[in-house]
Amino acid sequence: MKKIIVILLLILLSSLYGCGFSSSDNTKDDTQDNTQTQQKDDSEGPKEEEEVQETTTSVEPENNQTSAQAPGIPTPVRTLSSDNGDSLILANKQYALSSTFVPTDLVAVDGSLSTNQGIYFKREAYDAYLKMLNDASAQGISFCICSTYRSYNTQSAIYNNYVASYGVDYANKISAYPGRSEHQTGWAVDITSKSMNYGLSQNFINYPEGQWINANCAEYGFIIRYLQGKEDITGYMYEPWHLRYVGVDVAKEIMSKGITLEEYLGVV
């Protein structure tokens, strides 16, 4: 029975997240079928996400790390239960979001621009991303979205899967504890590309797409959220694919100084 539960969880996560993470120089061979499906109307809201929440909750491993405070995860300084629209909202190991926190102004992502279907993004961030994508395309640079908004329950399933696969210590370096993920804010986006085999790898920065994003994302209000050499501040390994929308002025200051959002907000 336990084997069946684990298999069901892995199948679910594989279908939701086609972008495979790798901290090595090579990406995992995690390509997926990019056949496009019809998108929901924006006004309908993240109905598919709600369906996912119900499913992931029912197949969580018996050794559920989210039922109590996990090792290595501090008691939160504060926990937000609602979205006030602040693009500088902080979600990390110390600053939490409640299980009921859902971003406002979520809009459906065009399925042709993502490796996954039925995903949502904060409207302001999505508009900025589209402008960045169009300008990059005009310069011969092509990339696509892997992941945007994730609910508390979806993040719980992902985190528990990493714990089951790698153990708590390593999982805490590469995956956010539920309620501590930037993806729950709706302001974050993971980016991949064909040259990366649609995976997620630290050597994304060595490819033209990663280099272009690193050099230009601030012009559109995005920052590289988890910087190399700042792991002691962010709590996570270097992720050149993970962008966070903070607005153009703030993004330019953060990227030009090579600092983290925590340092900019003065909460280090």
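The first residue of the sequence shown is numbered 1, and numbering continues consecutively from there. Side chains are part of it too, since the values below use all heavy atoms of this structure and drop only hydrogens, waters and symmetry mates. Just so it is clear, the model here is predicted, and its values are computed rather than measured.
Each of Y207, F204, F222, Y220 was compared with I213 under the side chain to side chain contact (heavy atoms under 4.5 Å, CB included) criterion, and only F204 meets it. Checked options T148, T104, D127, T185; the residue passing with K122 is T104 (criterion: side-chain hydrogen bond (donor to acceptor under 3.5 Å, both in side chains)).
With sequence neighbours excluded, the residues forming a salt bridge (charged side-chain N to carboxylate O under 4.0 Å, His left out) with E263 are K230, listed by chain and number.
Looking only at side-chain heavy atoms (C-beta outward), E209 and M196 stay at 4.5 Å or farther from each other. Looking at heavy atoms from C-beta onward, N214 lies in side-chain contact with M255 at the 4.5 angstrom threshold. S99 is not listed as a side-chain neighbour of N153, based on a closest heavy-atom distance of 4.5 Å or more. Residues F101 and I89 meet the side-chain proximity criterion, which asks for heavy atoms closer than 4.5 Å. When side chains are defined from C-beta on, T100 does not count as touching Y152, because their heavy atoms never get closer than 4.5 Å. The side-chain heavy atoms of P240 and Q228, taken from C-beta on, include no pair separated by under 4.5 Å. Side-chain contact between I233 and I259: absent, with no pair of heavy atoms (C-beta onward) separated by less than 4.5 Å. Between P103 and W187 the shortest side-chain heavy-atom distance does not fall below 4.5 Å.
Distance check: N116 CG to C144 SG gives 9.0 Å after rounding to the nearest 0.5 Å. Rounding to the nearest 0.5 Å places OG1 of T79 at 6.5 Å from CZ of R180. Note that CG of L97 and CG of L90 are 9.0 Å apart. Values are rounded to the nearest 0.5 Å. To the nearest 0.5 Å, the span separating CG on D135 from CG on L130 amounts to 11.0 Å. Once rounded to the nearest 0.5 Å, the distance linking CD1 of I191 with NE2 of H242 reads 10.0 Å. Y120 OH to D105 CG: the interatomic distance, rounded to the nearest 0.5 Å, is 14.0 Å.
Ring geometry for Y166 against Y170 counts as perpendicular: the plane angle is over 60°, on a 0 to 90° scale with 30° as the lower cut. The aromatic rings of F121 and Y126 are tilted relative to each other, their planes meeting at an angle between 30° and 60°.
Residues N172 and Y159 bring a donor and an acceptor atom of their side chains to less than 3.5 Å of each other. Side chains of T234 and K93: no donor on one and acceptor on the other come within 3.5 Å. There is a side-chain donor-acceptor pair under 3.5 Å between D110 and S112. Between the side chains of E124 and S87, not a single donor N or O lies within less than 3.5 Å of an accepting N or O.
Closest of all the heavy-atom pairs between C146 and L200 is SG-CD1, 4.3 Å. Listed here is the closest heavy atom pair of Y264 and E253: CE1-OE1, 3.5 Å. Across V189 and I145, no two heavy atoms sit closer than the pair CG2-CG1, 3.8 Å. Pairing each heavy atom of S193 with each of S142, the nearest pair is CB-O, 3.8 Å. Looking at every heavy atom in both residues, S175 comes nearest to I158 through OG-CG2, 4.2 Å. What you find for P76 and A96 is that their closest heavy atoms are CB-CB, 3.7 Å.
Within a 6.0 Å sphere centred on CG of D169, other residues, nucleotides and ligands contribute 12 heavy atoms or fewer. The environment of CG in N84 is crowded: more than 12 heavy-atom neighbours from other residues, nucleotides or ligands sit within 6.0 Å.
Note on V246: it clusters hydrophobically with L80, by side-chain heavy-atom contacts below 4.5 Å among ILVMFWY residues. Hydrophobic clustering (side-chain heavy atoms under 4.5 Å, transitive across Ile, Leu, Val, Met, Phe, Trp, Tyr) keeps Y226 apart from W241. Residues V248 and L243 are members of separate hydrophobic clusters, defined by side-chain heavy-atom contacts under 4.5 angstrom among Ile, Leu, Val, Met, Phe, Trp and Tyr. I205 and Y236 fall into different hydrophobic clusters, where Ile, Leu, Val, Met, Phe, Trp and Tyr are joined by side-chain heavy atoms under 4.5 Å apart, directly or via other members. The hydrophobic clustering, which links ILVMFWY residues whose side-chain heavy atoms are closer than 4.5 Å, places L88 and I224 together.
Judged purely by atom type and a 3.5 angstrom limit, Q155 has no side-chain atom pairing as donor or acceptor with the backbone of H183.
Ion pairing between E262 and R225 holds under the 4.0 Å rule for side-chain N and carboxylate O.
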Open item on the list: side-chain contact (heavy atoms from CB on, under 4.5 Å), that's the test. Do I119 and Y149 meet it? Break it down for me.
Closed with: CA-CA 7 Å; I119 62 176; Y149 165 68; over 6 Å; no
